[in-house]
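Structure record follows, encoded as structure tokens.
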Amino acid sequence: EWCVAPSLLCAILTVLPIIEVAFAISESPWVHSGKGRPVFTLYSVEWLLSAPVFLALSGCCALRRTASDVAAALAPTGLGVLFAWLALLSRSIALAVLALGFFAWAATHAMRWVLAFLGEAAPDAPCGRLRVASALLLVLLFLAYDLLLLLSLFSAIDPHTEQLGYAALAFGSKLLMSMLFTAIRAAEYQHDLSNLTCKVSHISVAFMSLLRGNFDFVLPCTADHAGGLRLPAGQLGGRDVQELERRLGRPVGGASMNELLAGAVQQRRFANYVKSVVQQQQAAFAPTAAVNVCGDEHSAPLTQVLHVKLERLPVTLLEQARGYVGSANADSHISALVYLAAVPQTQPPAGGQQQLVVALRLESGVSPTSSSCQSAQEEEHVDGQVARRRAKFCDGGDGDGPRPQARPTGQRSLTRWWPNRFRTSIHRKRFRRTAKERRKAKA
């Protein structure tokens, strides 16, 4: 539809200046005499060429009918134009009646297209009235040509007025059809844009709900190529900024996220993390960027989370003013989980500023560093237990002190510990004997 309609409109708009130029530069009058009255044959040729294009525009492009439906209306339209020209040439009422019958037949096909389109189209279909108006314009054109034919046949108008009528119908019909299809295309674009906006808004709401369900704070921010992340200032952050200020004991509106981190190591890790996110977003707009699995080359890249430590100040005037009662012995660091998501855009970011969404989740338990230290201590404890067990097996003791004294042989527990004790002593004697042999061999 979007390729055929402009081509057909260009075709009918090209026919009109060709006819007018032919009238202007030709020496022959292009007029036949019909019993003392001129017959404008060139306008009949112009209508014979334009009528099939009008039918194709209204039937195929506007009302979405098949080619067979449109072809059924071409024959009566062409026969109507032919018999109308013959009626003017011979001044015959019978031929004029035949022409009127063929035009009525073609108009009946157009009305059938309208009824079929209204039965198939959805109630909320865009530009439905404009599409129907294109078929009604055809019916009005048929009626106008029939009226002009009858007025000329009965000499109700002079030849000059008849020529002006043909020229006005030729120019006006093409202008109205072009305006109709321009409005149809604009309505289609507006409908598609509204659907896309609604779809994107639903996706954004779902994405924000997902972030809200997994993180404590979700804030819009801007990132630069140097790895800096700027939080929103003023009322842009909403309650999240106020709550984060209360938890950190310091103002964060309009501040840099890098300055809120504890230590140069944390700031360097976070800057590298921001740079990677910005580079991924820039790679999505690169000319050589490959299309992803979903087929959307401008989708937001996936990033990983980062464990950081936020620097928390003691009880401050900001907290006291907002009614927060803190403790002087509170921890100066708060462990947090950070997730950065790039906002999908249709064009590369301008000015080096990338729009991002930062999600924060404050961890109430131990930080990853302390948990790793704890796991290392557990591993050392396990290694120590293994070493003590090996020493116990080799020396016959428990590995933590001197070997225990042997129990008296008269106790009842002799049957429990004697086989293991006897086996251990045998191994120790063998080890001592082999050690003596090695010393003798060295001597």
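Keep in mind that this is a model prediction, so the values were computed, not measured.
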Is a side-chain N or O of [X] found less than 3.5 angstrom from the main chain of [Y], in a donor-acceptor match?
X      : Y      : result
Glu311 : His333 : no
Gln266 : Lys309 : yes
Ser152 : Leu149 : no
Tyr273 : Leu340 : yes
Ser58  : Phe54  : no
Asp216 : Leu360 : no

Gap separating the [atom1] atom of [X] from the [atom2] atom of [Y], nearest 0.5 angstrom:
X      : Y      : atom1 : atom2 : result
Ser134 : Leu176 : OG    : CG    : 12.0 Å
Thr41  : Trp85  : OG1   : CH2   : 5.5 Å
Asp158 : Thr161 : CG    : OG1   : 3.5 Å
His307 : Ser335 : NE2   : OG    : 9.5 Å

If you define the side chain from C-beta out and look only at heavy atoms, does anything of [X] sit under 4.5 Å from [Y]?
X      : Y      : value
Leu175 : Leu13  : no
Leu306 : Arg269 : yes
Leu150 : Leu100 : yes
Val81  : Phe103 : yes
Leu141 : Trp47  : yes
Leu147 : Phe142 : no
Ile12  : Leu57  : yes
Met257 : Leu260 : yes

Stepwise side-chain hydrogen bond (donor to acceptor under 3.5 Å, both in side chains) test for His109 and Trp105: CA-CA 7 Å; His109 282 286; Trp105 187 6; 3.1 Å; yes
Where Val274 and Gly227 come nearest, the two heavy atoms and their spacing: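 The pair with the smallest heavy-atom distance is CB-O, 3.6 Å.
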Could you tell me whether [X] and [Y] have a side-chain N and a carboxylate O separated by less than 4.0 Å?
X      : Y      : answer
Glu259 : Arg230 : no
Arg131 : Glu188 : yes
Arg65  : Glu120 : yes

Aromatic ring pairing Tyr166/Phe40, orientation class (parallel under 30°, perpendicular over 60°, tilted between):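 The arrangement is perpendicular - the two ring planes meet at more than 60°.
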